[in-house]
Protein chains: 2
Amino acid sequence: MLTAIYTAVGELVGEGADRISFPVIAERAGVNPTTLYRRWDDVNALLEEVAVAALTRDGESLPDTGSLEHDLAQWADIIARDITRPERVRYLRAMVSARVDIVSACPVTETRREQASKMVRRARERGEATPTVPQILDHVIAPLYYHVVFALPVDHEYARRLVHDVLTMVR
Amino acid sequence: MLTAIYTAVGELVGEGADRISFPVIAERAGVNPTTLYRRWDDVNALLEEVAVAALTRDGESLPDTGSLEHDLAQWADIIARDITRPERVRYLRAMVSARVDIVSACPVTETRREQASKMVRRARERGEATPTVPQILDHVIAPLYYHVVFALPVDHEYARRLVHDVLTMVR
DNA sequence: TAGCTAAAGCAAAGTTCATTGCTTTTTGTG
DNA sequence: CACAAAAAGCAATGAACTTTGCTTTAGCTA
């Protein structure tokens with residue numbers, strides 16, 4: 001039931017369907033539209049629910065190359081490739097247009113913060129000088145996501161440049 | 001005519017109207033819905049047009065303090081205060097959800113790029129070492145907008161920190 | 001199992017949206 | 001001024017969305 005609905009939403013978002021409404025989702029999921037109308041306030045609410053589930057599921061293993069520079073480079077590249085996938089873009093946009101209060105406990109940012117923390121901690125234990133975790137979030141993560149949601153180009157070179165920049169902040 | 005439409009959209013967005021459709025906008029503007037349907041492809045297109053007009057209208061005079069550090073600090077602060085206003089946030093969100101196609105360049109970013117270019121040029125003419133314009137966009141503008149659209153906190157201190165960070169990139 | 005409760009389905013009705021052909025008004029120019 | 005082109009209004013039509021009351025099914029407990 002709920003799985004079928006999530007799957008339907010995922011498929012529609014993935015296909016880039018121009019029209020994602022309760023009736024459309026319901027038909028795809030093989031359920032009655034009324035069910036959706038009764039459970040969620042509007043389409044965005046459902047969309048965001050699915051988006052959070054999809055965006056926080058980190059199948060990615062965190063890089064551990066032995067140097068923060070390479071860790072960050074690989075990590076930024078993984079993220080860049082991930083969030084530029086069409087369905088990820090749509091999910092991110094859905095999250096943005098969704099309600100403010102729910103997003104504020106932004107699970108996506110939290111995941112990134114934890115990952116950055118882990119890499120920085122390992123680097124410091126190795127005796128490396130590192131930028132701070134907030135710096136990494138502000139100067140690597142933020143520009144990547146900013147580019148995606150505002151439809152600006154994101155590629156390998158860009159991710160690499162951001163990592164290079166943040167590493168110059170090490171004092 | 002066109003002014004009335006823009007005004008109507010502005011009011012609706014400002015009020016946080018849950019339902020912004022052509023018929024609704026038309027009624028508010030005192031025009032016929034057909035006019036809207038014929039002129040714009042869909043509501044998002046109109047919404048983005050108004051958003052761009054509102055977001056790029058720079059009544060702000062560009063800081064010119066005699067040092068890039070202070071110019072950037074004031075500039076970042078002006079932007080931070082501006083884009084955290086509720087109606088600005090709504091416009092930004094509207095732009096994000098409207099921007100489905102990767103084709104067009106983001107006018108908001110363009111404005112910021114021009115402003116950054118001007119400040120950097122002046123600084124270089126004074127003989128100051130400066131970060132690059134893309135660096136300023138990536139490490140000051142991007143984090144600010146990212147925080148706004150993902151409902152993360154933005155304040156004076158944050159803007160100041162970003163400017164400080166980007167200035168450490170000067171080689 | 002019987003019975004109670006919550007969830008899902010069904011169907012009908014109302015509302016809003018979106019499209020289209022045609023008429024009217026405005027605008028700009030010879 | 002007059003006329004042609006563009007823009008806006010009007011009205012009718014169909015489609016899609018939303019809501020609602022009621023029925024049916026599923027799940028759970030005594």
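In what follows, chains carry the letters A, B, and so on, assigned in the order in which the sequence lines appear, proteins first and then strands, with residues in each chain numbered from 1.
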Counting any heavy atom closer than 4.0 Å, what does A:Thr35 reach on the DNA or RNA strands: base, sugar-phosphate only, or nothing? sugar-phosphate
Would you mind reading off the distance between [X] atom [atom1] and [N] atom [atom2], rounded to a whole angstrom?
{"X": "A:Leu2", "N": "C:dA6", "atom1": "CG", "atom2": "P", "result": "19 Å"}
{"X": "B:Ile25", "N": "C:dA18", "atom1": "CD1", "atom2": "C1'", "result": "14 Å"}
{"X": "A:Leu36", "N": "D:dT20", "atom1": "CG", "atom2": "P", "result": "16 Å"}
{"X": "B:Glu27", "N": "C:dT16", "atom1": "CD", "atom2": "P", "result": "10 Å"}
{"X": "A:Met1", "N": "D:dG27", "atom1": "CE", "atom2": "C1'", "result": "15 Å"}
{"X": "A:Asn32", "N": "D:dT19", "atom1": "CG", "atom2": "P", "result": "14 Å"}

Short N-O contact, A:Glu110 and A:Arg113, less than 4.0 angstrom: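 Yes, A:Glu110 and A:Arg113 are salt-bridged.
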Not counting sequence neighbours, list each pair that qualifies as a side chain to side chain donor-acceptor pair (under 3.5 Å) and has a residue in residues 13-27 of chain A.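 Only A:Glu15-A:Arg28 qualify under side chain to side chain donor-acceptor pair (under 3.5 Å).
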Tell me whether the rings of A:Trp40 and A:Phe22 are parallel (<30°), tilted (30 to 60°) or perpendicular (>60°). tilted
Would you say NE2 of B:His156 has more than 12 non-hydrogen atoms from neighbouring residues, nucleotides or ligands within 6.0 angstrom?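 It does: B:His156 NE2 has more than 12 such atoms within range.
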Check the surroundings of atom CZ in B:Arg160: do more than 12 heavy atoms from other residues, nucleotides or ligands lie under 6.0 Å from it?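 Counting neighbours around CZ of B:Arg160, 12 or fewer heavy atoms of other residues, nucleotides or ligands fall under 6.0 Å, so no.
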Quick one: the side chain of A:Arg39 and the base of C:dG9, do they pair up donor-acceptor inside 3.5 Å? no
Table of protein N/O atoms under 3.5 Å from nucleotides 14-18 of chain D N/O atoms:
{"from": "D:dC17", "atom 1": "OP1", "to": "A:Ser21", "atom 2": "OG", "distance (Å)": "2.3"}
{"from": "D:dT18", "atom 1": "OP2", "to": "A:Tyr37", "atom 2": "OH", "distance (Å)": "3.1"}

May I ask you to test the B:Asp71-B:Arg122 pair for a side-chain heavy-atom distance under 4.5 Å?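 Heavy-atom side-chain distance check passes, below 4.5 Å.
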